[in-house]
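The structure under discussion appears below in the form of structure tokens.
Within every chain, numbering begins at 1; the chains are lettered A, B, ... in the order of the sequence lines, protein sequences first and strands thereafter.
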There are 2 protein chains.
Amino acid sequence: MSNNQFKRGELYSVINGMASTAVARRLQKNFRLAGLEITIEQWSVLYHLWKQDALSQQELCNRTFRDKPSITRLIDNLEKQKLVKRMPSKEDRRINLVCLTETAKLLQDKTIELANQTMDEALVGVNKNEIEIVKLVFQKVYDNLL
Amino acid sequence: MSNNQFKRGELYSVINGMASTAVARRLQKNFRLAGLEITIEQWSVLYHLWKQDALSQQELCNRTFRDKPSITRLIDNLEKQKLVKRMPSKEDRRINLVCLTETAKLLQDKTIELANQTMDEALVGVNKNEIEIVKLVFQKVYDNLL
DNA sequence: TTGAAATAGTTGCATAACTAACTATATGTC
DNA sequence: GACATATAGTTAGTTATGCAACTATTTCAA
């Protein structure tokens, strides 16, 4: 096996193991320090609902890049914590519309502020151009594997 | 809240939700299609052992960016599948050296070839310079949050 | 040399991931 | 209209993650 093969493998290792989990862990920690009892996975669902409320579970799958069982259980837990509510769609009885509660709406500003602080910590020494390239590369990777 | 805050949050969402899981899922699928029964997490441990055998669990934590309980259980599962073996260190009786079995050594070439194919699929249209920037950014992010 | 602090590893608990198999509703074709 | 197919969501089973609390061993310092 050539040394080059190992080098390419290393990028996977970098992408999968390092920054995403480091950022996620730090954000989770910052939530906890602020007395917020939500997980980053729950937050990522709320984040999309803050942008547009009353999405179907399938739509949340698409936007958060998770599969259906994962969303089912995330919504289960969010419902237990009274942060969202499943509302049956009137047009299509297969569909649950996931709606924010008032409690969840109040969390928006604080958690997004914490996420921004966390990203600022994470991105010290990284310039705008580099960030754009990372986003571009990730978009390409996602499109390639879709 | 300013629109700019949402934009910064979006990068987190991109980093955490998109490429890493898309790549991981595709690699897992490719393992399965090839009849390999290992998970990508197990593979990431084996990957470091192929580079250097007989590492302590703590050293595997550092290299795979996982915490100690995660490594304990990954090693448990790898041991069940007879891919590694815990060997007590003679210098320090607290330490387990994790050693590859012959079976695991045979998996190296095939799985790394699959990982390379997967990365090639994922990185269509991404040039070397962009890859270098992604690696650099992730290294900076990791160092910032350490 | 003995007792405190650090380090290596494990276990219990809660959340989350993926696959496969399932139910219920909607759509489309003969 | 009836039946095959597609779509939305749930459930079960296995693996993995993080944190906190635990044991065992080593190191360091009074």
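A donor-acceptor pair is defined here as one N or O able to donate and one able to accept, closer than 3.5 Å; no such pair exists between the side chain of Glu79(A) and the backbone of Asp76(A). Judged by distance alone, with hydrogens and angles left aside, the side-chain atoms of Thr101(A) form a donor-acceptor pair with the main-chain N or O of Lys82(A) at under 3.5 Å. A distance-only check finds no donor-acceptor pair linking the side chain of Trp50(A) to the backbone of Asp109(A) [under 3.5 Å]. Between the side chain of Asp53(A) and the main chain of Leu100(A), a donor-acceptor pair closer than 3.5 Å is present.
Side-chain atoms of Arg66(A) and Ser44(A) include a donor-acceptor pair closer than 3.5 Å. Looking at Asn77(A) and Gln81(A), their side chains never bring a donor and an acceptor atom within 3.5 Å of each other.
For the pair Lys105(A) and Glu102(A), the salt-bridge criterion is met [side-chain N within less than 4.0 Å of a carboxylate O]. Glu132(A) and Lys128(A) are not joined by a salt bridge, as no carboxylate oxygen comes within less than 4.0 angstrom of a charged side-chain nitrogen.
Atom P of nucleotide dC19(D) and atom CZ of Arg26(A) are separated by 11 Å, given to the nearest angstrom. Note: NZ (Lys68(B)) to P (dA24(D)) measures 15 Å, nearest angstrom. Protein atom CD1 of Ile75(A) is 13 Å distant from nucleotide atom C1' of dA8(D), rounded to whole Å. Taking atom CG on Leu145(B) and atom P on dG18(D), their separation rounds to 14 Å, with Å as the unit. Spacing between atom CE of Met87(A) and atom P of dG9(D) amounts to 15 Å, rounded to whole angstrom units.
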Letter per nucleotide, 5' to 3', of nucleotides 12-17 of chain D [B base touched, S only sugar-phosphate touched, - untouched; heavy atoms, 4.0 Å]: BB-SSS
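Remark: Arg86(A) is in phosphate contact with dT10(D), judged by side-chain N or O atoms under 4.0 Å from OP1 or OP2. Here Gln57(A) does not reach the OP1 or OP2 of dA8(D): none of its side-chain N or O atoms lies under 4.0 Å away.
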Can you name the atoms? Protein N/O to nucleotides 26-28 of chain D N/O, anything below 3.5 Å, with the distance.
{"residue": "dT26(D)", "atom": "OP1", "partner": "Arg93(B)", "partner atom": "N", "Å": "2.9"}

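For the pair Leu97(A) and Gln28(A), both in contact range of DNA chain D, the more 5′-proximal nearest nucleotide belongs to Leu97(A).
The heavy-atom pair separating Leu49(A) from Ala54(A) by the smallest distance is CD2-N, 4.2 Å.
Where DNA chain C meets chain A (any atom under 4.0 Å from a heavy atom), the bounding nucleotides read 5' to 3' are dT15(C) to dA26(C).
In this pair, Phe138(A) and Phe138(B) present their aromatic rings parallel. The plane angle is below 30°, not in the 30 to 60° band.
A distance of 10.5 Å separates CG of Leu27(A) from CG of Leu145(B), quoted to the nearest 0.5 Å.
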